[in-house]
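One structure is given here, and the rest of the page talks about it.
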Amino acid sequence: MNRIFAHGIMLALALLVSVQTATAQTTSNLCVPEGTTFGFFNGVNKTRADADFALQKLKLAYGLKDGQGQLMRYELFYNWTNGFEDFVETFSQRLTEQQVVSDRYELFSDFNAGGGTWSDAIATALSGFSDSITNYMNYVNARDVAYITSLFASPPTISNYVAQRARLDTLTLQGNKILLFAHSQGNLFANSAYNYIIPKIGASSVALVHVAPASALLNGPWSLADKDLVINGLRVAGSVPAITKTIPGYLLRSPGINGKRDFLGHGLLEIYMNPSLNTRLEINSFVATKLVGLIAPTASASLGFITVTLTWNGSGDVDLHTTEPGGSHVYYAARTGVSGFLDVDNVNANGPEHYYATCDPARLQTGTYRFSINNFARATGRTATVQIASYNDGPLLTKDLDVGPEKGAAGNDSPIFVASVLVSKNATTGKYTVIASQ
C-alpha cells in the first residue's frame, strides 16, 4: 500500500481514537489537562534549585488557574549557569541581536581560528568591556571571584534553544496557550522561543512578559527599575529598554518575597516581585492582561503521562518508533499500542511526530519504553531532535542525532535507538515515577 495513502487512512482512525482517549483521560488520576502553560526563563547566576524556587514563588503569586478559569501549568525553561560564563554569554547574545555579528558561534575570526577566548573576543568588539568587568566585580555580592578570573568553554546556548523549542512544540501540539515570563538574561532565550513558536501557532496563542530585560529587543511589555544596576550597566554594550519604574534606594527597600534584599536592584524575588515595590503591580497587570487575551491553538495531539516528540531539520519522512514494555511496536503502520498511541505522523518535512502513553492507570504499563527513529525516505543528512517528557516532571531528555541512511520499510525492524524510559509504580503510595536514560 502507498505510504502516504496508508497514512491518510491511519490518520482518520487516529483522530477517532484520539478523541475517545482524550475523553477518557479527563477522568484519570495521572494527568489533568491544563489550558495554559506558564513558562519561566531564569536569569544569570542561577542554579536549577534557585530557578525552581523562583518558579514556585511565581506559582504562588499567579495561582493554579489562568484568567479564563482553566488550569495553568508552570514549567521551568532553564538556561544553564556557570558563573561568569553567563555574563559573557549575555554580551554575546546581545551582539547577535543587535547584528554586530551574525552568529554567536562565529563571534570573531580569531575565535574561529582558536586564537581567542570569549573575554578577548568581546573585548575586541567593546572598548568599554574591561570597565564593565570591573564594575561587575564590584556589584557581585557573595559570588566566587574565581568565576570571573577563569572563563570556561562556550556556553550551551544551542542545546538550551533546542530543548526549549522541542518543549514548545509538544505543548502547542497538545493545544496549550503559552505565557512566557522571563527575567534578566532569560529574556534572550525567551525572545528566541517566542520567535520560533509564533509562525506555528500565531500571536493570539502565545505572549511574552519581560522582567529586567537584558535585551534591546522586546516582544511584549516590560518592567525595568531605575536602580537595577545590572541591566542599566549593560548599556555599555548598546541600548537597553527604557526604565519603567522608580524604586527606593537599598536602605529604604523592604525584603522581597524570599526574605532577602538585593543591593544590585536586579533580583526577581527581591525586587521585581516584591509586593512593597511598584514593579510588582506593573508585572501583575502585564500577566493578568496577557492571560485573559490568549486563545488556545488547535490541538493535534493528546496529553499523556509520557510524551515523545520527534522533529527534524528539513524535508523527508522520519518515523518515530516506540517499543512498549509488553513488546508492542508502535509506529506509522501500527499506531495503537497497549499503553500508548502515535497520534501525529508526518511524512513530508520537519515533523513533528508524537507518541503518548496513556494517563489511565488501568492501561499504563510499568517497565521500559524504548524510543527509536528511522529515515524512511528523503531525509539523509538531516538532524533529528527527540524530546521525552513526563506529565509530572516535564522534559526528561532532549537528544539530537543524525537520522542515518534512508531505509524505507526495511528499517522498521531495526530503527536507530534514541533513548528509553523506565516507568515504575510504588506499591505503597501508588505513585508513578519515570526515569529516562540513553
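Values reported hereafter were calculated over all heavy atoms of this structure, with side chains retained and with hydrogens, waters and symmetry mates removed. Keep in mind that this is a model prediction, so the values were computed, not measured.
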Item to complete: Go through Arg167 and Thr309 one step at a time and tell me if the side chain to side chain donor-acceptor pair (under 3.5 Å) criterion holds.
Response: CA-CA 8 Å; Arg167 185 55 179 163; Thr309 305; over 6 Å; no
Discussion item. Taking the side chain as everything from C-beta on, heavy atoms only, tell me whether Tyr432 gets closer than 4.5 Å to Thr366.
Written reply: yes
Discussion item. So Asp345 and Asp319, do their side chains get closer than 4.5 Å, heavy atoms only?
Written reply: yes
Discussion item. Under a plain distance cut-off of 3.5 Å, with no hydrogens placed, do Glu34 and Tyr391 share a side-chain donor-acceptor pair?
Written reply: yes
Worksheet item: If we only count heavy atoms from C-beta on, is the Ser437 to Ile435 side-chain gap below 4.5 Å?
Response: no
Worksheet item: When the ring planes of Phe181 and Tyr62 are compared, do they come out parallel, tilted or perpendicular, using 30° and 60° as the limits?
Response: tilted
Practice prompt. Compare all side-chain heavy atoms of Pro361 with those of Asn29 and state whether any distance is below 4.5 angstrom.
Written response: yes
Worksheet item: Going by distance alone, is a donor N or O of one side chain under 3.5 Å from an acceptor N or O of the other, for Thr170 and Thr307?
Response: no
Practice prompt. Please list, chain by chain and in numerical order, all residues satisfying side chain to side chain donor-acceptor pair (under 3.5 Å) with Ser339, sequence neighbours excluded.
Written response: Gln365, Tyr369
Worksheet item: Do Arg280 and Ser223 have side-chain N/O donor and acceptor atoms under 3.5 Å apart?
Response: no
Practice prompt. Could you check Leu269 against Phe53 for side chain to side chain contact (heavy atoms under 4.5 Å, CB included), going step by step and ending with a plain yes or no?
Written response: CA-CA 10 Å; Leu269 304 182; Phe53 181 77; 3.7 Å; yes
Worksheet item: Sequence neighbours excluded, which residues qualify as side chain to side chain contact (heavy atoms under 4.5 Å, CB included) partners of Thr37?
Response: Arg73, Glu75, Leu171, Asn176, Ile178
Practice prompt. Would you confirm whether the ring centroid of Tyr332 sits within less than 6.0 angstrom of the ring centroid of Phe376?
Written response: yes
Fill in: Under 3.5 Å donor-acceptor, Asn350 side chain and Thr311 backbone
no
Worksheet entry | Side-chain (Gln68) to main-chain (Leu294) donor-acceptor, under 3.5 angstrom | yes
Worksheet item: Would you say the side-chain atoms of Ser205 pair up with the backbone N or O of Ile295, donor to acceptor, closer than 3.5 Å?
Response: yes
Practice prompt. Just do the side chain to side chain donor-acceptor pair (under 3.5 Å) check on Glu353 and Tyr331 with the steps written out, would you?
Written response: CA-CA 10 Å; Glu353 298 214 351; Tyr331 67 115; over 6 Å; no
Worksheet item: For Arg378, does the CZ atom have more than 12 heavy-atom neighbours from other residues, nucleotides or ligands under 6.0 Å away?
Response: yes
Practice prompt. Answer whether the closest heavy-atom distance between the side chains of Gln70 and Pro33 falls below 4.5 Å.
Written response: no
Worksheet item: Would you find a donor on one side and an acceptor on the other, under 3.5 Å apart, between the side chain of Asn375 and the backbone of Lys407?
Response: no
Item to complete: Report the relative orientation of the aromatic rings in His266 and Tyr272; use parallel for angles under 30°, tilted for 30 to 60°, perpendicular for over 60°.
Response: perpendicular
Worksheet item: In Å, rounded to the nearest 0.5 Å, how long is the span from CD1 of Ile416 to CG of Asp402?
Response: 7.0 Å
Worksheet item: Is the side chain of Asn195 donor-acceptor paired with the backbone N or O of Ile198 at a distance under 3.5 Å, no angle test?
Response: no
Worksheet item: Can you tell which of Asp66, Val206, Leu179 makes a side-chain contact (heavy atoms from CB on, under 4.5 Å) with Lys290?
Response: Leu179
Worksheet item: Is there a side-chain contact between Pro395 and Gln164 (heavy atoms, below 4.5 Å)?
Response: no
Practice prompt. With side chain to side chain donor-acceptor pair (under 3.5 Å) as the test, would you mind laying out the steps for Asn426 and Thr433 before giving the verdict?
Written response: CA-CA 8 Å; Asn426 186 298; Thr433 58; over 6 Å; no
Response to the item:
Smallest heavy-atom separation, Trp312 atom then Asn346 atom, equals CH2-O, 3.7 Å
Worksheet item: When you measure from the side chain of Asn187 to the backbone N and O of Val211, does any donor-acceptor pair fall under 3.5 Å?
Response: yes
Discussion item. Quick check against the 3.5 Å criterion: does Lys200 have a side-chain atom that pairs as donor or acceptor with the backbone of Asp169?
Written reply: no
Worksheet item: Under a 4.5 Å cut-off applied to non-hydrogen side-chain atoms, are Asp228 and Ile271 in contact?
Response: no
